[in-house]
S.K.: 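Submitted below is the structure of interest, expressed as C-alpha cells.
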Protein chains: 2
Amino acid sequence: MPYSELIQYFEQYVSLTEEEKSHINSSYKRVKLKKKDFLFKQGERCTTEAFVLKGTLRSFYVDSRGNEHVLNFALPGWWVGDLSSFYHGTDSFITVQALEDTDLLVIDPDVKEDLFNQIPSLERVFRIIVQKHLSSLQTRFLSTISETADQRYNNLLNKIPNIEQLVPQHQIASYLGILPESLSRMKKQLLEGKK
Amino acid sequence: MPYSELIQYFEQYVSLTEEEKSHINSSYKRVKLKKKDFLFKQGERCTTEAFVLKGTLRSFYVDSRGNEHVLNFALPGWWVGDLSSFYHGTDSFITVQALEDTDLLVIDPDVKEDLFNQIPSLERVFRIIVQKHLSSLQTRFLSTISETADQRYNNLLNKIPNIEQLVPQHQIASYLGILPESLSRMKKQLLEGKK
DNA sequence: TTATTTCATTGACCTATGTTAAGACTTTTA
DNA sequence: TAAAAGTCTTAACATAGGTCAATGAAATAA
C-alpha cells in the first residue's frame with residue numbers, strides 16, 4: 001500500500017476497492033522538493049496538482065511592483081495547485097515554493113482525467129475539494145476586508161497553532177498583508193499592552 | 001420560448017434539444033424583486049440560485065462590528081447565490097439585495113439536482129461557472145491585497161463602465177473597501193491632480 | 001407639496017501601517 | 001572557519017484612509 005496517506009484521505013469520502021486503490025497508486029507520482037525549490041511558477045501553466053506528504057510550502061503572488069503576497073501555506077494532508085490553470089491551461093497567477101524539504105504526490109491533467117474515468121466516485125471527492133477551496137478563499141477574503149491585522153494574526157494562530165515554528169516570521173507578515181516591521185511592532189504591542 | 005435569455009446563455013457552452021429546453025423552462029421560476037428586497041440573507045440557508053434577467057443587485061457581508069462590505073454587483077446575464085450554502089445546506093455568509101426593481105430566474109437545490117439528471121451536459125456548464133466564480137474571486141482577492149484604492153476603482157470602471165449610473169456611490173466605496181468620504185476625496189484628487 | 005430619509009461633499013483630526021535605515025543575531029555557503 | 005546571506009528588531013518619519021461632525025442636495029414618502 002505505497003501511498004496509504006492519500007488512500008486514507010480519499011476514504012474519508014468514498015470507499016474504494018483494491019483495484020481502485022492500485023489505480024490511484026499508479027496515477028500519482030512521488031516528488032521530492034528541496035527547500036526553496038518551486039513546484040510551479042506564476043506566468044507558467046500549472047500542470048501539477050499535489051498532495052502534501054511531508055514538509056511545508058507557500059503559495060504567493062507577485063504584484064506589478066514586485067512585492068510578494070503569501071496566499072497560503074500548505075502542510076501535510078493539504079492540496080496545492082492552481083485549479084484554473086490546471087483545468088483550463090491558462091497561465092498561473094501564483095507560485096508554489098517549498099519552505100523546507102518536502103515530499104509530494106503529484107498528478108497531471110491527462111492522468112487525472114483517466115483516473116476520473118476509471119473511478120467516477122472520485123469526481124465527487126474533488127467536487128467537495130473544490131467547494132472547500134472556494135469557501136476557504138471566501139473566508140480569507142472576508143477576513144482580509146473586515147478584520148484588523150491583529151485579528152487576522154489570531155485567526156492564523158487558531159488555524160495553524162505551530163505556524164511560528166514552521167515558517168519565518170516575514171512569511172507570516174506577508175500572509176497577514178503587512179510588512180515584517182509592522183508584525184514585529186504589533187507583537188510587541190500585544191505583549192506590552194496585553195490588549 | 002419563455003426563458004430565451006437563459007437558454008441562449010446555456011447554448012454558449014452546449015447545444016440543447018427542444019425537449020431539454022422545455023425541461024429548463026419548467027425548472028426555473030420567474031421571480032420579481034422590488035428595490036431593496038432581499039433574495040436571501042446572511043445567516044440563513046441560501047436555497048436559491050438565480051440568473052439575472054433585468055435590474056441590479058449587490059451581495060454583501062456584515063462583519064462583527066456591523067459594517068457592510070459589498071462583495072459584488074450582479075447585472076443581467078450574471079448569476080447570484082451562495083454556492084456553499086446552496087449545495088451543503090450551511091448558513092450563508094452573504095446577503096443578496098436588489099438595488100432596483102429586478103427580474104430573476106431561480107432554481108432550488110432539489111430541482112437543480114433533477115435537472116442535472118435529465119440534462120447531464122449541464123453539469124459541464126455549471127462546472128465552468130463554478131470555475132469562473134473561483135477565478136474571479138481569486139482575481140478580486142489579489143487586487144484587494146496588492147493594489148491601492150484608486151487602482152481598484154479603475155479596475156471596477158473597466159469591468160462595469162456604467163457602474164456610476166447603476167448604483168449609489170457609497171455602494172461603490174464599499175465594494176472598493178473604503179468609506180464614502182474617502183471615495184469622495186479620492187475622486188476630487190483624481191480630478192485636481194489629474195494623477 | 002411638505003416632510004423625511006438618503007446621499008454626497010468637505011474639513012479637522014487620528015491611527016495603523018508603510019518607508020527607510022541601521023544594527024545584531026542566525027543560518028547557510030564557500 | 002570565515003564570509004555571505006537571511007532574519008528580526010527598533011526608531012523616526014510619511015501617508016492613506018478612518019472617524020466624527022456639519023451641510024446641502026436629491027430622492028422618497030406622507
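Note on naming: letters A, B, ... go to the chains in the order of the sequence lines (proteins, then strands), and numbering restarts at 1 for each one. Only a predicted model underlies this, so the values are computations on that prediction, with no experimental measurement involved.
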S.K.: Here's a test of your reading of the structure: between B/R152 and B/K36, which maps to the more 5' nucleotide of DNA chain D?
M.R.: B/R152

S.K.: Taking only residues two or more places apart in sequence or in another chain, which ones pass side chain to side chain contact (heavy atoms under 4.5 Å, CB included) with A/Q169?
M.R.: A/E164, A/L183, A/S184, A/K187

S.K.: Distance check needed: C/dT28 P versus A/D101 CG, whole Å only.
M.R.: 11 Å

S.K.: Partners of A/T17 by side chain to side chain contact (heavy atoms under 4.5 Å, CB included), sequence neighbours excluded?
M.R.: A/E19, A/E20

S.K.: Using only heavy-atom distances, determine whether the side chains of A/E147 and A/S143 contain a donor-acceptor pair under 3.5 Å.
M.R.: yes

S.K.: Check side chain to side chain contact (heavy atoms under 4.5 Å, CB included) between B/S27 and all other residues, then give those that pass, not counting sequence neighbours.
M.R.: B/I107, B/V111, B/L115

S.K.: Output the rounded distance in Å from CD (B/E164) to P (C/dC7).
M.R.: 15 Å

S.K.: Taking side-chain hydrogen bond (donor to acceptor under 3.5 Å, both in side chains) as the cut-off, I'd like each qualifying pair that reaches into residues 126-140 of chain B, sequence neighbours left out, listed once.
M.R.: B/Y13-B/K132

S.K.: Please name all residues satisfying side chain to side chain contact (heavy atoms under 4.5 Å, CB included) with B/H170, sequence neighbours left out, ordered by chain then number.
M.R.: B/P168, B/P180

S.K.: Do any of residues 175-182 of chain B sit with a heavy atom less than 4.0 Å from DNA chain D, and if so which?
M.R.: B/G177, B/I178, B/L179, B/E181, B/S182

S.K.: What pairs meet the ring-ring contact (aromatic ring centres under 6.0 Å, His included) rule with one or both residues in residues 138-166 of chain B, with sequence neighbours excluded?
M.R.: none

S.K.: Nearest-Å distance, CD1 (B/I145) to C1' (C/dT17)?
M.R.: 16 Å

S.K.: Give the angle between the helix axes at the two ends of the helix from C/dT1-D/dA30 to C/dA30-D/dT1, taking five base pairs at each end and rounding to 10°.
M.R.: 50°

S.K.: Tell me the interatomic distance from B/Q165, atom CD, to C/dC7, atom P, rounded to whole angstroms.
M.R.: 17 Å

S.K.: How many whole angstroms separate atom CG of A/L190 from atom P of C/dA16?
M.R.: 12 Å

S.K.: Tell me which donor-acceptor pairs under 3.5 Å the side chains of residues 48-60 of chain B have, and how far apart each pair is, sequence neighbours excluded?
M.R.:
residue : atom : partner : partner atom : Å
B/E49   : OE1  : B/K112  : NZ           : 2.8
B/E49   : OE2  : B/K112  : NZ           : 3.3
B/T56   : OG1  : B/E100  : OE2          : 2.4
B/R58   : NE   : B/Q97   : OE1          : 3.1
B/R58   : NH1  : B/E68   : OE1          : 2.9
B/R58   : NH1  : B/Q171  : OE1          : 3.1
B/R58   : NH2  : B/E68   : OE1          : 3.3
B/R58   : NH2  : B/Q97   : OE1          : 2.8
B/S59   : OG   : B/N72   : N            : 3.4

S.K.: Rounded to the Å, how far apart are B/R185 CZ and C/dG11 C1'?
M.R.: 10 Å

S.K.: Please confirm whether the shortest side-chain N or O distance from B/K187 to OP1 or OP2 of C/dA8 is below 4.0 Å.
M.R.: no

S.K.: From the 5' end of DNA chain D to its 3' end, which nucleotides mark the outer limits of contact with chain B, defined by a 4.0 Å heavy-atom distance cut-off (strictly under)?
M.R.: D/dG17 to D/dT28

S.K.: Quick one: B/I172 CD1 to C/dC7 C1', roughly how many Å, whole number?
M.R.: 13 Å

S.K.: So which pairs with a foot in residues 91-127 of chain A pass ring-ring contact (aromatic ring centres under 6.0 Å, His included), sequence neighbours left out?
M.R.: A/F10-A/F126, A/W79-A/F126, A/F116-A/F126

S.K.: Between B/M186 (CE) and C/dT10 (C1'), how many Å, whole number?
M.R.: 16 Å

S.K.: Report yes if at least one side-chain N or O of B/H170 is closer than 4.0 Å to OP1 or OP2 of C/dT6; otherwise report no.
M.R.: no

S.K.: Please identify each residue that fulfils ring pair (Phe, Tyr, Trp, His ring centres under 6.0 Å) with A/F73, with sequence neighbours left out.
M.R.: A/Y175

S.K.: Do the side-chain N and O atoms of B/S146 and A/D63 include a donor-acceptor pair separated by under 3.5 angstrom?
M.R.: no

